[in-house]
Colleague: 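Pasting a structure below so you can have a look.
Every chain is numbered from 1 and lettered A, B, ... according to where its sequence line falls, protein lines coming before strand lines.
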Amino acid sequence: AQSVSQHNHHVILSEAASLELGCNYSYGGTVNLFWYVQYPGQHLQLLLKYFSGDPLVKGIKGFEAEFIKSKFSFNLRKPSVQWSDTAEYFCAVKIIFGSGTRLSIRP
Amino acid sequence: DAGVIQSPRHEVTEMGQEVTLRCKPISGHNSLFWYRQTMMRGLELLIYFNNNVPIDDSGMPEDRFSAKMPNASFSTLKIQPSEPRDSAVYFCASSYSTDTQYFGPGTRLTVL
């Protein structure tokens, strides 16, 4: 069955800490991979996406993600988080979404 | 482009009443999605359309929910009769095929 797993349900970090959110998928065929962000009280919006080419993708606000085909993973990273990164983050493969990871940043 | 437009933004109704949520997708997009989001259940895909045809409605909770897309620029999600457990934020999103989904601002539904 096609699925996307985000094992971290809630992550709490201090400002300036490094961030890595896990995303693993089970999907046959070509994958279009996405990370979406939902700030409190807002709708989901695209953070970054990968269709092909360089497996290290850079997105907005200093985020990046790495596609590792052998591990069926597409983890999201940021070297130094800010309080404004407090949000929920969703990984998706085509139209299949993970359950989301809530990120809380302590000022 | 104005983005995905949803109306109303807020809806408060009483149990048993009919509720109709509306969505105007981005022009040129051929896929449209309806989601429901609650604290308890997270983000749930209810139904999606491709070229105005419903492709997967397995997420529609029960017969009280129905969705239509009469043309490429308009879709409705109807709940009849509504129940308190239907209270949630309902998002509409559109995309071109399986490319980026663009979400609307959502409709916050409260059923008393």
Colleague: Hey, quick one: are V19(B) and M60(B) part of the same hydrophobic cluster, counting side-chain heavy atoms closer than 4.5 Å, chains of contacts allowed?
Modeller: yes
Colleague: Short question: side chain of Y102(B), backbone of L46(A) - any donor-acceptor pair under 3.5 Å?
Modeller: no
Colleague: For a quick test of reading the model, state the closest non-hydrogen atom pair linking D99(B) to F51(A) and the distance between them.
Modeller: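 Distance-wise, the nearest heavy atoms are OD1-CZ, 3.4 Å.
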Colleague: Is the NZ atom of K68(B) crowded by more than 12 outside heavy atoms at less than 6.0 Å?
Modeller: no
Colleague: Given the rule that I, L, V, M, F, W and Y join up when any side-chain heavy atoms are under 4.5 Å apart, are L13(A) and L47(A) in one cluster?
Modeller: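 Result: yes, single cluster for both.
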Colleague: Tell me, yes or no, whether the heavy-atom count around R77(A) atom CZ, taken from other residues, nucleotides or ligands under 6.0 Å, exceeds 12.
Modeller: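 Enclosed.
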Colleague: Would a single hydrophobic cluster contain both M15(B) and F65(B), if residues Ile, Leu, Val, Met, Phe, Trp and Tyr are joined by side-chain heavy-atom contacts under 4.5 Å?
Modeller: yes
Colleague: Please tell me whether V57(A) and Y25(A) are part of a single hydrophobic cluster in this structure, the criterion being side-chain heavy atoms less than 4.5 Å apart.
Modeller: yes
Colleague: Quick one: CD on Q101(B) to CZ on F90(A), what's the gap to the nearest 0.5 Å?
Modeller: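 The distance works out to 12.0 Å.
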Colleague: Nearest 0.5 Å, what's the CD-CD distance between E88(A) and Q37(B)?
Modeller: 6.5 Å
Colleague: Taking side chain as everything from C-beta outward and backbone as N, CA, C, O, which of these in D56(B) sits under 4.5 Å from a heavy atom of chain A? Side chain, backbone, both or neither.
Modeller: neither
Colleague: Please examine the side chains of Y36(A) and T100(B), heavy atoms only from C-beta on, and report whether any two atoms are closer than 4.5 Å.
Modeller: yes
Colleague: In terms of heavy-atom contacts, does CZ of F72(A) have more than 12 from other residues, nucleotides or ligands at under 6.0 Å?
Modeller: no
Colleague: Please round to the nearest 0.5 Å and tell me the distance separating atom NE2 of H43(A) and atom SG of C92(B).
Modeller: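 H43(A) atom NE2 to C92(B) atom SG measures 12.0 Å (nearest 0.5 Å).
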Colleague: Which atoms of Q38(A) are under 4.5 Å from chain B, going by heavy atoms: the side chain, the backbone, both sets, or neither?
Modeller: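 Side chain only.
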Colleague: If Ile, Leu, Val, Met, Phe, Trp and Tyr residues are connected whenever their side-chain heavy atoms lie under 4.5 Å apart, and connections chain through other members, are F34(A) and L45(B) in the same group?
Modeller: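 Linked, F34(A) and L45(B) end up in one cluster.
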Colleague: Minimum heavy-atom separation for I95(A) and Y35(B), please, with both atom names.
Modeller: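 Closest approach of I95(A) to Y35(B): O-OH, 4.4 Å.
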Colleague: Name the region of E44(B), side chain, backbone, both or neither, that has any atom closer than 4.5 Å to a heavy atom of chain A.
Modeller: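 Looking at E44(B), nothing touches chain A.
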Colleague: Can you find a heavy atom in the side chain of F103(B) that is under 4.5 Å from one in the side chain of Q45(A)?
Modeller: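 In short, these two side chains do not touch, never coming nearer than 4.5 Å.
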